[in-house]
Chemist: 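Next up is a structure, given as structure tokens.
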Amino acid sequence: MSDNDKTPEDTISDYESRLNDVLAEVEDPAVTDERASLELAGLEINRRDLMRTGVVAGAGAATGFAGSSLMTQSGHATSDDHFVEPGETDTYYGFWSGGHSGEVRVLGMPSMREIRRIPVFQRDGAVGYGHDEKTKQVLEEGGDMSSRHGLEWGDCHHPILSESGGDYDGKYLWINDKGGGRMARINLKYFETDAITDIPNMQACHGCSVQSPDTKYVYGVGEFREPVPNDGRNVDNPDKYWSTFTALNPESMDVEWQVRVSGNLDNADSGKNGRWAFATGYNKEAAFKVEGMTRDDRDYVKAFDVDAIESAIDSGNYRKVNGVKVLDGRKGSRLNSSGDPIVHYIPTPKSPHGCDVTPSGKYVTASGKLSPTVTIIDIEKIPKVDDPEDAIVGQPKVGQGPLHTTWDGRGHGYTTLFIDSKVTKWDIEEAVNAKKGSTKPVKGKVTVHYSPGHLQAAEAETTNPSGDWLVSLNKLSKDRFLPVGPIHPDNDQLIDISEDGTDKQGGMDLIADHPVHPEPHDCVIAHRDKINPKTTWEKSDYADEKPYVTPKDSEVNRTGDRSVHVKMSATRNQYGLRDFTVKEGDEVTITVTNIETTRDIIHGLAIPKHGINLAVAPQDTREVTFTADQPGVYWLYCTYFCSALHLEMRSRMIVEPRK
Ligand code: K7E
Ligand code: CUA
């Protein structure tokens with residue numbers, strides 16, 4: 001029975017047993033008596049990989065650069081290639097989603113050094129996010145999970161960069177929250193989250209993309225179907241369950257419109273000319289019980305015709321649901337039965353997952369997940385063909401468990417194989433010309449460790465990918481690192497793709513392992529020239545909202561019977577007020593400005609007994625309001641080690657008993 005003839009159930013049970021095999025191979029990562037040299041340690045792991053894949057052992061040259069990777073499998077590129085000398089900086093910014101940690105991480109590439117973490121959906125004491133009034137408000141307006149559900153987290157999967165002219169413009173980065181059905185924006189001027197939108201009519205905002213080439217919209221797709229209204233009445237009626245495709249305004253972060261679809265939505269990408277957006281999905285059956293979701297042999301890639309959607313909105317063919325204009329884009333709906341359907345449903349095998357448009361904008365691909373193929377759809381054909389399936393122009397067989405695909409700009413796709421634990425490289429045009437199911441377009445495979453989800457190549461979302469570095473984001477690290485208890489890190493592996501070799505790996509070389517805190521899904525990699533953050537704040541950015549407090553302006557103002565405004569500057573190594581007095585029960589607002597002009601001199605302001613922990617960067621002002629409910633003396637102190645007299649940087653708040 002060929003892979004293509006298997007029922008979804010066969011495919012799943014086959015995959016489960018193969019995954020069990022992979023897991024069963026785990027060796028306890030104990031230190032052996034024979035203390036292997038670095039080179040030998042490299043060889044050992046290398047041999048194990050080769051045995052697993054059934055390749056005759058024959059290791060390449062060992063390199064053994066301490067502190068980075070072990071060695072490469074084919075022996076030409078070395079770990080030195082990603083080593084960035086002390087004092088040097090990286091070529092690329094990598095923005096990593098932090099999964100259910102609710103944050104975004106910034107890495108330098110190719111060194112893979114983590115440079116910053118940007119909290120998004122959760123408070124973070126390190127940078128005072130969610131502690132000052134402004135960032136508290138960002139969390140609250142985004143439907144703060146702590147107030148709604150007693151939870152404080154998000155599930156970040158897909159970081160996407162704003163584009164101008166089809167290229168990253170360094171303005172914003174968006175990140176989804178699969179957990180809460182939200183979309184957040186990070187302002188790349190300051191690398192800080194500045195907006196979160198809680199999207200109506202959606203549970204689990206999963207795939208996202210920006211509308212290329214000029215970021216007219218930011219798209220978020222609803223993965224879990226939910227009854228609308230979700231009031232507990234229609235739990236067994238599949239017609240009441242919705243999944244929506246959402247377009248947000250990139251500046252206001254308001255929802256512009258939604259399209260309701262049949263089945264559900266999974267991952268998303270946009271065409272390159274502004275007309276199309278795409279999403280995969282895995283529940284064409286529209287089942288609301290999990291076991292029904294893989295019954296059918298095919299699902300759909302949904303192609304959203306943005307021009308047709310905008311004219312349907314303009315003609316008023318929408319319904320307002322929970323404040324949002326919603327179009328009915330279900331199969332066979334009125335808007336889909338005209339000459340210009342708003343959504344085209346293109347049948348693809350078995351629960352496709354990754355959805356990726358080629359750099360040229362000619363094709364959109366769906367990675368098969370339960371099918372060993374990648375389906376290639378010719379975008380221009382979509383509105384022209386009578387049978388939607390005729391838009392499918394290629395279906396190379398790439399290996400087991402294809403999840404996501406990325407590009408090198410030289411005409412190759414690279415697809416992760418979750419089950420095979422490999423990255424496979426294939427030729428796009430050869431795949432279009434070959435018979436469906438052909439393995440000929442595959443140029444090589446490299447083993448990764450283990451079970452990769454996404455992969456991303458440098459600049460791969462632009463029309464001109466760099467084609468030098470690729471990262472495979474592997475879900476399991478198993479035995480690759482020192483054991484740290486039962487929760488293992490993920491393993492992001494750096495792969496050199498700059499050469500098109502004719503070896504088994506198609507020229508790909510595994511360069512480095514990089515352990516990561518749970519649990520990134522995807523990343524986006526931009527050249528350093530395109531990201532230009534400020535290294536201090538600009539006063540003009542908050543001139544209308546907050547004061548700028550100098551040492552001279554530092555003072556306490558009583559603003560009401562029960563309210564006080566404390567204004568103070570912060571500079572090495574003192575606050576503008578050494579002490580101040582308020583009354584028991586006062587609502588106290590503290591406004592603090594860091595008047596330093598030098599980069600990297602941050603001051604903190606913590607009042608632990610009042611749950612306060614601000615971080616104020618040079619030229620920035622932050623504000624916090626709290627109630628001084630207990631008489632006493634409370635020390636304010638600086639949390640950033642800012643100077644030789646940092647420890648002395650304190651102020652005393654005296655709360656007098658109210659008589
Ligand atoms: Cu494949 Cu959420 Cu992009 Cu994870 S998704 S891997
Ligand atoms: Cu200011 Cu430490």
Chemist: Would you find more than 12 non-hydrogen atoms of other residues, nucleotides or ligands less than 6.0 Å from Lys134 atom NZ?
Modeler: yes
Chemist: Under the side-chain hydrogen bond (donor to acceptor under 3.5 Å, both in side chains) criterion, do Ser270 and Ser212 qualify, and how do the steps go?
Modeler: CA-CA 6 Å; Ser270 306; Ser212 274; 5.8 Å; no
Chemist: Rounded to the nearest 0.5 Å, what separates atom CD1 in Ile601 from atom CZ in Phe641?
Modeler: 11.5 Å
Chemist: Could you walk me through whether Trp242 and Arg225 pass the side-chain contact (heavy atoms from CB on, under 4.5 Å) test, one step at a time?
Modeler: CA-CA 5 Å; Trp242 288 40; Arg225 287 159 49 82; over 6 Å; no
Chemist: Is Lys583 atom NZ crowded by more than 12 heavy atoms from other residues, nucleotides or ligands, each under 6.0 Å away?
Modeler: no
Chemist: Does Thr593 offer a backbone N or O that forms a donor-acceptor pair with the side chain of Thr621 under 3.5 Å?
Modeler: no
Chemist: Give a yes or no answer on whether the side chain of Asp305 reaches the backbone of Ala308 with a donor-acceptor pair at less than 3.5 Å.
Modeler: yes
Chemist: Distance check, rounded to the nearest 0.5 Å: Met253 atom CE versus Leu248 atom CG?
Modeler: 6.0 Å
Chemist: Between Asp328 and Arg330, is there a salt bridge with N-O shorter than 4.0 Å?
Modeler: yes
Chemist: Given Arg233, which of Asp231, Val235, Asn230, Asn237 fulfils the side chain to side chain contact (heavy atoms under 4.5 Å, CB included) condition?
Modeler: Asp231
Chemist: If you measure from the Lys or Arg side-chain nitrogens to the Asp or Glu carboxylate oxygens, is any gap between Lys189 and Asp541 under 4.0 Å?
Modeler: yes
Chemist: Is a salt bridge present between Asp155 and Lys178, judged by a nitrogen-to-oxygen distance below 4.0 Å?
Modeler: no
Chemist: Determine the sole option in His206, His157, His100 for which the ring pair (Phe, Tyr, Trp, His ring centres under 6.0 Å) test with His521 is passed.
Modeler: His157
Chemist: What is the minimum heavy-atom distance between Thr591 and Pro547, and which atoms define it?
Modeler: CG2-CG, 3.7 Å
Chemist: So, does His527 use its side chain to make a donor-acceptor pair with the main chain of Asp529 at under 3.5 Å?
Modeler: yes
Chemist: Got a donor-acceptor contact below 3.5 angstrom from the Asp266 side chain to the Thr280 backbone?
Modeler: no
Chemist: Ignoring hydrogens and geometry, is there a side-chain-to-backbone donor-acceptor pair from Gln456 to Val471 under 3.5 Å?
Modeler: no
Chemist: Hey, does the side chain of Asp620 reach the backbone of Trp537 with a donor-acceptor pair shorter than 3.5 angstrom?
Modeler: no
Chemist: Can you see whether Asp553 engages Thr550 through a side-chain donor-acceptor pair at a distance of less than 3.5 angstrom?
Modeler: yes
Chemist: Decide yes or no for Lys302 and Phe245: does some side-chain heavy atom of the first lie under 4.5 Å from some side-chain heavy atom of the second?
Modeler: no
Chemist: Could you walk me through whether Tyr542 and Gln619 pass the side-chain hydrogen bond (donor to acceptor under 3.5 Å, both in side chains) check?
Modeler: CA-CA 10 Å; Tyr542 57 84; Gln619 295 295 299; 5.8 Å; no
Chemist: Would you check, one step at a time, whether the test side-chain contact (heavy atoms from CB on, under 4.5 Å) holds for Tyr637 with Arg650?
Modeler: CA-CA 4 Å; Tyr637 79 99; Arg650 290 200 271 158; 3.9 Å; yes
Chemist: Looking at residues at least two apart in the chain, or sitting in another chain, which of them share a side chain to side chain contact (heavy atoms under 4.5 Å, CB included) with Glu114?
Modeler: Arg105, Leu107, Arg117
Chemist: Are side-chain N/O atoms of Thr246 and Gln258 paired as donor and acceptor at under 3.5 Å?
Modeler: yes
Chemist: Look at atom OH of Tyr190 and say whether more than 12 heavy atoms of other residues, nucleotides or ligands are closer to it than 6.0 Å.
Modeler: yes
Chemist: Write down the atom of Gly170, the atom of Leu188, and the distance for their closest heavy-atom approach.
Modeler: O-CB, 3.3 Å
Chemist: Can you list everything that forms a side chain to side chain donor-acceptor pair (under 3.5 Å) with Asp124? Sequence neighbours excluded, please.
Modeler: none
Chemist: Salt bridge or not for Lys216 and Glu256, using N-O below 4.0 Å?
Modeler: no
Chemist: Kindly give the heavy-atom pair with the smallest separation between Phe191 and Arg116, and that separation in Å.
Modeler: O-NH2, 3.8 Å
Chemist: For the pair Lys530 and Glu461, find out whether any cationic side-chain nitrogen is under 4.0 Å from an anionic carboxylate oxygen.
Modeler: no
Chemist: Would Lys609 count as a cation-pi partner of Tyr634, with NZ or CZ less than 6.0 Å from the six-membered ring centre and within 45° of the ring normal?
Modeler: no
Chemist: With heavy-atom distances below 4.5 Å as the criterion, would you say the side chains of Val106 and Ile118 are in contact?
Modeler: yes
Chemist: For the side chain of Asn201 and the backbone of Val321, is there at least one donor-acceptor N/O pair under 3.5 Å apart?
Modeler: yes
Chemist: If I compare all heavy atoms of Tyr129 with all of Val138, which pair ends up nearest, and what's the gap?
Modeler: OH-CG1, 3.8 Å
Chemist: CD1/Ile590 to NZ/Lys567 distance, rounded to the nearest 0.5 angstrom?
Modeler: 13.5 Å
Chemist: Please report the shortest heavy-atom distance between Asn336 and Gly329, naming the atom on each side.
Modeler: ND2-O, 2.8 Å
Chemist: Would you check, one step at a time, whether the test side-chain hydrogen bond (donor to acceptor under 3.5 Å, both in side chains) holds for Thr462 with Asp167?
Modeler: CA-CA 5 Å; Thr462 71; Asp167 200 359; 4.7 Å; no
Chemist: Under 3.5 Å, side chain of Arg658 to main-chain N/O of Glu584, donor-acceptor pair present?
Modeler: yes
Chemist: Going through the distances and angles, do His158 and Asn267 end up as a side-chain hydrogen bond (donor to acceptor under 3.5 Å, both in side chains)?
Modeler: CA-CA 9 Å; His158 303 110; Asn267 277 289; 3.0 Å; yes
Chemist: Under a 3.5 Å distance rule, please check whether Thr215 uses its side chain to pair with a backbone N or O of Val210 as donor and acceptor.
Modeler: no
Chemist: Give the ring-plane orientation class for Trp257 versus Tyr219, where under 30° counts as parallel, over 60° as perpendicular and anything between as tilted.
Modeler: tilted
Chemist: Return the CG to CD1 distance between Asp254 and Ile199, rounded to the nearest 0.5 Å.
Modeler: 11.5 Å
Chemist: Begin with the C-alpha distance, continue with both residues' side-chain angles, and end with the deciding distance and a verdict on side-chain contact (heavy atoms from CB on, under 4.5 Å) for Phe95 and Ile175.
Modeler: CA-CA 10 Å; Phe95 297 92; Ile175 185 83; over 6 Å; no
Chemist: Does the distance from a Lys or Arg side-chain N to an Asp or Glu carboxylate O, for Arg558 and Asp586, drop under 4.0 Å?
Modeler: yes
Chemist: What's the separation between atom CG in Leu139 and atom OG1 in Thr193, rounded to the nearest 0.5 Å?
Modeler: 8.0 Å
Chemist: Output yes when Lys546 and Glu133 qualify as a salt bridge under the 4.0 Å nitrogen-oxygen rule, no when they do not.
Modeler: no
Chemist: Decide yes or no for Tyr168 and Ile531: does some side-chain heavy atom of the first lie under 4.5 Å from some side-chain heavy atom of the second?
Modeler: no
Chemist: For Gln203 and Glu226, work out which heavy atoms get closest and say how close.
Modeler: NE2-OE1, 3.0 Å
Chemist: Is the closest basic N to carboxylate O distance between Lys171 and Asp169 below 4.0 Å?
Modeler: no
Chemist: Got a second to check how far Arg572's CZ is from His646's NE2, nearest 0.5 Å?
Modeler: 13.5 Å
Chemist: Go through Asp194 and Tyr172 one step at a time and tell me if the side-chain contact (heavy atoms from CB on, under 4.5 Å) criterion holds.
Modeler: CA-CA 10 Å; Asp194 71 354; Tyr172 297 122; 4.3 Å; yes
Chemist: Is the backbone N or O of Lys534 less than 3.5 Å from a side-chain atom of Arg599, with the two atoms forming a donor-acceptor pair by type?
Modeler: no
Chemist: Measure up the His404 and His454 rings against each other and bin them: parallel (under 30°), tilted (30 to 60°), perpendicular (over 60°).
Modeler: parallel
